[in-house]
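Quick notes on the structure that follows.
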Amino acid sequence: METVADYFGSLVFNDNVMREKLPKDIYKTLRRTIAEGKDIDLAVANSVANAMKTWALEHGCTHYTHWFQPMTGITAEKHDSFVNPAEGGRVLLEFSGKCLIKGEADGSSFPSGGLRATFEARGYTAWDPTSYAFIRDDVLYIPTVFCSYTGEVLDKKTPLLRSMEAISSEAVKILSLFGDDVKRVITTVGPEQEYFLINKSDFVRRRDLIFTGRTLFGARAPKGQEMDDHYYGAIKTRVAEFMRDLDKELWKLGVSAKTRHNEVAPCQHELAPVFATTNVAVDHNQITMDMMKKVAERHGFVCLLHEKPFAGVNGSGKHNNWSISTDTGMNLLDPGKNPKHNLRFLLFLSAVIKAVDEYQDLLRVSVASAGNDHRLGANEAPPAIVSMFLGSDLTEILESIAAGKSAKGAQKISMELGVHVLPSFSKDTTDRNRTSPFAFTGNKFEFRMLGSSFSVSGPNIVMNTIVAKELRSFYEKLKGAKDFEQAVTDLIRDTYNAHKRIVFNGNNYSPEWLDEAARRGLANLRSTPEALDAFVAKKNIDLFAEFGVFSPLEMHSRFEILTDEYCKTINIEALTMRDMIVQEIIPAVSYYTSIMAQSINAKKTANPALSCKVERSLLEKISSLMDVLSERCDVLSSLIEKSKSHGGSELSHFCRQCIVPAMEDARKVADELELLVGRVYWPFPTYGDILHYVD
Ligand code: ADP
Ligand code: MG
């Protein structure tokens with residue numbers, strides 16, 4: 001019988017295939033160029049392209065595509081066939097090194113934030129050899145980066161690669177002080193992906209889901225998630241079939257899907273892969289999200305990746321597990337087993353603590369979106385305040401160092417740095433606090449504020465760059481030190497003392513934390529517009545410019561794109577809501593009232609003595625609620641009109657302060673009506689129908 005091992009990675013032009021298909025010297029050169037992050041020369045590219053083409057044709061491919069990640073948050077592709085007409089009506093199947101390395105993309109319809117005028121709209125895509133090419137639907141997919149002709153970045157991938165370079169070179173310098181011979185350092189990421197699966201037959205009847213990805217209306221169903229019976233619960237047969245199918249597709253594409261389970265909310269599930277190099281993890285997560293949607297269709301489902309598709313039950317997030325490893329396989333966030341490793345670990349840990357404290361705002365921006373605004377601070381989700389959980393053991397050790405005492409570790413191991421060994425922090429002792437937005441979990445950090453639909457690129461660009469920044473300043477402080485170990489200990493102590501306000505091991509969901517965080521001076525950027533303003537603060541522009549991750553121009557363009565995206569999202573939601581009220585809810589409710597009125601008349605005609613109390617009271621209640629709904633809808637309409645006179649950042653604040661609350665007001669009445677109007681008269685499936693479907 002065919003096992004997973006037989007088909008895992010079978011659609012990937014991976015290292016094994018390359019070794020088999022490429023001439024030995026070409027293979028070696030390619031490996032070296034990839035490892036050192038150098039440019040590929042054309043002769044090598046030609047040879048690789050030829051091997052790729054042969055392999056792709058053997059697998060039935062007809063086309064290739066440069067696959068890229070523009071600022072839309074999803075991926076983009078344009079297919080070119082291998083076909084080239086030749087003499088005598090024949091055809092040549094061609095794919096050159098040039099086509100592999102560089103592609104042209106008319107980028108005028110991709111968001112560029114003013115970076116590119118339409119007359120010079122063409123951008124180009126360039127092969128990223130650090131992520132393997134793969135096959136989907138008879139097309140050879142080549143992972144690429146996307147730039148403008150003047151070199152400005154137009155995608156989410158280029159800055160990520162730049163940030164990986166930044167942290168690598170800074171970490172390598174620090175490691176050299178420890179006497180570690182390391183050439184490259186890579187960051188690793190394992191994103192846990194949450195999603196909802198609902199019946200397609202329900203989806204197609206809800207225009208809010210179709211246009212906005214979330215429900216804009218919906219009264220709470222009698223049953224939500226209060227019984228805690230869905231989390232890790234038995235998986236419905238159809239869902240299990242979907243998961244089996246999904247895993248298989250992902251495995252063929254070399255995505256190491258590992259865990260799958262039901263999540264807290266009804267219809268909510270999760271998939272987590274084994275972690276990979278950040279660059280690959282980002283690509284794989286995009287493939288995973290795409291594949292979830294595709295495979296769902298095959299099973300009569302629709303996969304919702306919105307952060308908050310349903311009010312009153314959990315939203316969907318994505319946990320970004322992040323760590324730093326050397327090319328020699330050492331995880332630098334693993335406390336290690338000997339004093340030297342301990343010291344190195346504590347130094348890298350200090351860099352992360354300082355980075356998260358100094359750039360809380362950037363981390364917050366990296367998870368800001370209209371969708372995630374519903375989630376941050378809401379039920380079972382991290383608050384909008386960034387803080388760090390280290391666990392009591394690790395905090396105790398840092399506190400002791402900070403106090404200048406010899407530390408007492410968890411297992412009462414007295415520890416003087418450089419002499420005794422740190423206790424190892426098992427996941428059990430570090431992962432108890434599920435409320436923290438940024439938790440140390442044994443040998444990695446878990447950033448939990450990401451929304452489920454996000455590309456994981458943004459948050460990792462920030463993580464890599466801010467930690468690179470701190471490592472650079474650490475290196476400057478340590479490089480000439482006479483007593484290196486003492487200097488490292490002093491630095492750990494000073495850093496912790498200066499930045500320990502960011503460490504919070506308590507319950508992040510408690511109301512007291514809000515006050516405590518304010519006392520500590522931590523940022524609380526409640527919504528996307530507030531967060532976005534912080535993005536272009538001078539310190540943040542300087543940071544990215546210093547490491548060449550974003551130029552100031554690119555920062556401003558991103559600010560513009562993100563602001564625009566936010567405003568457009570709210571505008572689409574507001575318009576959808578208005579249409580659904582006017583075209584669906586009011587007609588349905590009005591029809592129901594007419595039934596009520598007819599019933600009263602019919603009863604009176606049949607027998608004037610009959611009671612019509614119920615009908616009368618319902619008729620009154622529903623009619624007056626309908627008036628309120630209509631008024632609120634008018635308010636919403638006039639705000640939509642008014643929004644047209646605003647623009648840019650001002651518009652985003654207007655959306656947040658005026659349109660979002662007006663939508664909430666309108667929804668409240670509509671949801672009240674839903675509970676009064678006869679079930680068969682309601683114009684679209686309810687929460688009860690959608691979330692508790694019968695298989
Ligand atoms: P939990 O739900 O308890 O957080 P999971 O097993 O669902 O745990 O997810 C943990 C994720 O962290 C997995 O994707 C795993 O591969 C990833 N991970 C483990 N070690 C590392 C590491 N060193 N760097 C990045 N990610 C890691
Ligand atoms: Mg987790």
Side-chain angles (χ1 to χ4, degrees), residues 8 160 163-164 167-168 171 182 184-195 230-233 235 243 246-247 250-251 254-265 268-289 292 314 316-336 341 344-345 348-349 351-352 380-382 388-391 424-450 452 454 456-457 459-464 467 508:
F8 187 89
L160 180 74
S163 74
M164 288 170 72
I167 191 169
S168 176
V182 165
R184 248 174 118 76
V185 163
I186 50 163
T187 52
T188 49
V189 164
E192 298 161 51
Q193 178 72 47
E194 292 181 343
Y195 60 97
H230 197 255
Y231 191 57
Y232 280 21
I235 299 169
M243 287 179 169
L246 173 65
D247 278 344
L250 291 175
W251 289 333
V255 179
S256 46
K258 183 82 176 169
T259 55
R260 56 188 195 196
H261 60 82
N262 282 355
E263 258 301 329
V264 173
Q268 194 187 26
H269 317 279
E270 181 182 301
L271 179 150
V274 176
F275 68 94
T277 308
T278 306
N279 178 30
V280 171
V282 166
D283 286 2
H284 280 184
N285 184 246
Q286 291 287 1
I287 294 176
T288 303
M289 291 194 287
M292 281 177 167
N314 275 10
S316 291
K318 181 139 57 188
H319 291 178
N320 189 79
N321 294 274
W322 178 91
S323 192
I324 333 171
S325 294
T326 63
D327 56 358
T328 49
M330 277 189 300
N331 179 349
L332 297 167
L333 291 179
D334 193 319
H341 289 176
R344 200 178 52 202
F345 160 71
F348 277 92
L349 179 73
V352 179
E380 266 289 301
M388 251 174 133
F389 170 85
L390 294 180
S424 62
F425 303 100
S426 70
K427 196 173 155 124
D428 294 346
T429 66
T430 56
D431 197 27
R432 291 209 182 113
N433 188 338
R434 305 296 295 181
T435 69
S436 175
F438 197 98
F440 179 69
T441 48
N443 60 2
K444 60 184 161 62
F445 276 99
E446 185 168 335
F447 186 26
R448 300 183 175 135
M449 291 171 105
L450 284 73
S452 50
F454 278 59
V456 286
S457 181
N460 288 301
I461 293 171
V462 171
M463 273 312 295
N464 295 345
V467 175
N508 281 256

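In what follows, every heavy atom counts, from backbone to side chain, and hydrogens, waters and symmetry copies are set aside. Numbering of ligands and ligand atoms starts at 1, following listing order. In this chain, numbering begins with 1 at the start of the sequence shown. Note that the structure is predicted; figures quoted are calculated from it, not measured.
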*asked:* On a heavy-atom basis, I'd like to know which of Ala272, Ala257, Pro273 is closest to atom 15 (C) of ligand 1.
replied: Pro273
Using a 3.5 Å cut-off on N or O atoms only, is [X] in polar contact with ligand 1?
X      : answer
Val189 : no
Asn321 : yes
Asn443 : no

Per-atom contacts, ligand 1 versus [X] - under 4.0 Å to a heavy atom:
X      : value
Val274 : 16 (O)
Ser323 : 22 (C), 23 (N), 24 (N)
Asn331 : 23 (N)
Glu446 : 4 (O)

_Short side-chain donor-acceptor distance under 3.5 Å, Asn331 and Ser323_ = yes
*Report yes or no: does His319 have a heavy atom closer than 4.0 Å to ligand 1?*
no
_Part of Thr441 with heavy atoms under 4.0 Å of ligand 1, whether side chain, backbone, both or neither_ = neither
*For Thr278 and Thr187, indicate whether the former's side chain and the latter's backbone hold a donor-acceptor pair under 3.5 Å.*
yes
*Check whether any side-chain heavy atom of Thr288 lies under 4.5 Å from a side-chain heavy atom of Leu250, and answer yes or no.*
yes
*Can you name the ring-ring contact (aromatic ring centres under 6.0 Å, His included) partners of His341, sequence neighbours left out?*
none
_For Phe445, give me all partners under ring-ring contact (aromatic ring centres under 6.0 Å, His included), at least two apart in sequence or on another chain._
Phe438, Phe440
_Rounded distance [0.5 Å steps], CE in Met243 versus CZ in Arg260_ = 7.0 Å
*Should the pair Tyr231 and His261 be assigned to parallel (<30°), tilted (30 to 60°) or perpendicular (>60°) ring geometry?*
perpendicular
